[in-house]
2 protein chains.
Amino acid sequence: MQHVFITGAAGFIGSSFVDRLLADGVTVTGWDNLSTGQLRFLDGASAHPKFRLVRGDNLDLPALTTAMKGADFVLHLAANADIKDGWAHPEKDLQQNTVATFHVLEAMRANGVRRIAFSSTGSVYGEAVQIPTPEDAPFPVQTSLYAASKVAGETLLSAYAEGGQLDEAYIFRFVSILGERYTHGHVYDFYQQLVAHPDRLRVLGDGQQRKSYLYVQDCVDAVLHVARTHTARDAKHRTQVYNLGTAEFVQVNQSIGYLCAALGVKPKLEYTGGDRGWIGDNPFIFLDTRKITATGWKPQLTIEQGIGRTLRWLQANRWVYGARHPAPAAPR
Amino acid sequence: MQHVFITGAAGFIGSSFVDRLLADGVTVTGWDNLSTGQLRFLDGASAHPKFRLVRGDNLDLPALTTAMKGADFVLHLAANADIKDGWAHPEKDLQQNTVATFHVLEAMRANGVRRIAFSSTGSVYGEAVQIPTPEDAPFPVQTSLYAASKVAGETLLSAYAEGGQLDEAYIFRFVSILGERYTHGHVYDFYQQLVAHPDRLRVLGDGQQRKSYLYVQDCVDAVLHVARTHTARDAKHRTQVYNLGTAEFVQVNQSIGYLCAALGVKPKLEYTGGDRGWIGDNPFIFLDTRKITATGWKPQLTIEQGIGRTLRWLQANRWVYGARHPAPAAPR
């Protein structure tokens, strides 16, 4: 891993990988269409001699192919992650996730890049029967366009790898990721509300949905650990799937408790009702993470600690709430 | 089921559904881009007052949406089924299968059509650990772009159904289908060779691949039986997946034996070697069909009988070997 090409490099998770890889001495080419990514997340990286940012969209295959030249590993993180509003623009998941992943694989093929790690989601299991859910659990029923598009992306990686087009394909099924630069999700929304009106909090669903979270630096550790130890190289299949989470979960109500305690507020909770927050919300996601922990990786932070760090970062970076749209006109 | 819209209506399987539904008194709109479909397969149907053929491509969403108007059920069969040559044109599976299925679902949404049956494939299981393979088996490793694109299609149906956009979504994972109008696959290729040179037969792989086949009229029976009994309506999920095959499998060498006996030839067998015929070929596909047989359906023909009927049809319809490319310029 000498030169890593990162799609979604200006995003929350992408920029965290950029910084870590640069610190490790790796050359990094970042690729981002800046639709949700933030150039400010790359402030540190942009001064680094081994970093280059190319602004572009995964739907532009020729530009993607050119930008990828010289890389020996691809970290494909770019995606439309707007699960809640999937039905407002169903084409978005298809294009930005499924077709985009196909283009990343075709650009790799054109450039002879044969190793990839891909961020999938624990949502692929739909509403799993087996909890904690292991990697080999079936997932016959998809509950969101987002998860459906991630399944499609996974199957493309696998077909390319098993078809001899890749040497190593790592698929990571993420739980929700938290930490510095976190820009969407429960904690983000709740903090925004509590700043605006500390006396009340609107909660989608009944607050009893049980969710798993992982701290972003633990996520970075895990992916790089697996890729650097080449777990696919000696396995029967070139495609290796890992659940990525912790051995914990929390209720949405618990997250709210952590936040309110840290902020010293006691809002009136206004539940919208029902056992899920939106169509496609999953009332209980909890992954079996024995496969990834068996590689020697383990998370450093608990969910409560991760929420704490996220909150402190949001408090110090209130600009993210205003900065989401639109992205600046040109990369710097 | 008063008015069925069939994608791939001029194909081997599609035209068999057209004829059956017309015989049952159902109005049928056929949709086909005639890239591999044959107008001659619709010779009977085209004279029927309840049949209409619209020539068009699933990638043309506006035309598809217009053509679908008035239908109350969609049978989505159109697909690129060229597994062997997937790597020659990887975009084809993505566009003609994944994106096409998305368009079919969007056209349904625009027209308020809320019931669909979809032809998926037993190949989605990749190289299954559990054989016979039940519907809830995991399928973490895909071995062809074709199967990957069918998984993508399945997940789209499921996301639409569970997201409230459909009332009933039936996914059928077909084994190889045989019978009248059969235009690609082992029997087709072997017969073509044996006509050209009865003394020798080139066999991809070692001939020991074990395959499952189903007679096309049994396939039509099964799909219509499930759709008409509305098995999804009272189930927990609006998405219902059925394996579709028989309780039998045969070795490629056995199929060759049936063919040679019927033709009275004794060719020298020339094996290309290896346990699979091509990249993505699966040395053993055998599906657990207890779920579909529990609905009351059962196949009428054995694999040997199906191969016999296929052969007799090919003998009487040698024109199909010349007629595959190109399709006539306009529908009639």
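Note on naming: letters A, B, ... go to the chains in the order of the sequence lines (proteins, then strands), and numbering restarts at 1 for each one.
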More than 12 heavy atoms of other groups within 6.0 Å of R202(A) CZ: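 Counting other residues, nucleotides and ligands, CZ of R202(A) stays at 12 neighbours or fewer.
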
Toward chain A: residues of residues 148-157 of chain B with heavy atoms under 4.5 Å: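 Residues A148(B), V151(B), A152(B), T155(B), L156(B) are the ones that qualify, each having a heavy atom under 4.5 Å from chain A.
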
Heavy-atom closest contact (E162(A) atom, T143(B) atom, distance):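 Closest approach of E162(A) to T143(B): CB-CA, 4.3 Å.
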
For P90(A) against Y160(B), the heavy-atom pair lying closest together: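 Result for this residue pair: CB-OH, 3.7 Å.
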
Top of L145(B), V141(B), D136(B) for chain A proximity - count of heavy-atom pairs under 4.5 angstrom: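 Counting heavy-atom pairs under 4.5 Å, the top option is V141(B).
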
When A169(B), A161(B), S158(B) are compared by non-hydrogen pairs under 4.5 Å with chain A, the top option: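 Heavy-atom pair counts peak at S158(B).
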
Residue, of E135(A), E127(A), Q142(A), that accumulates the most heavy atom pairs under 4.5 Å with chain B: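 The option with the most such pairs is Q142(A).
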
[X], part contacting chain B, at a heavy-atom distance under 4.5 Å:
X	result
R109(A)	side chain
L94(A)	side chain
E106(A)	side chain

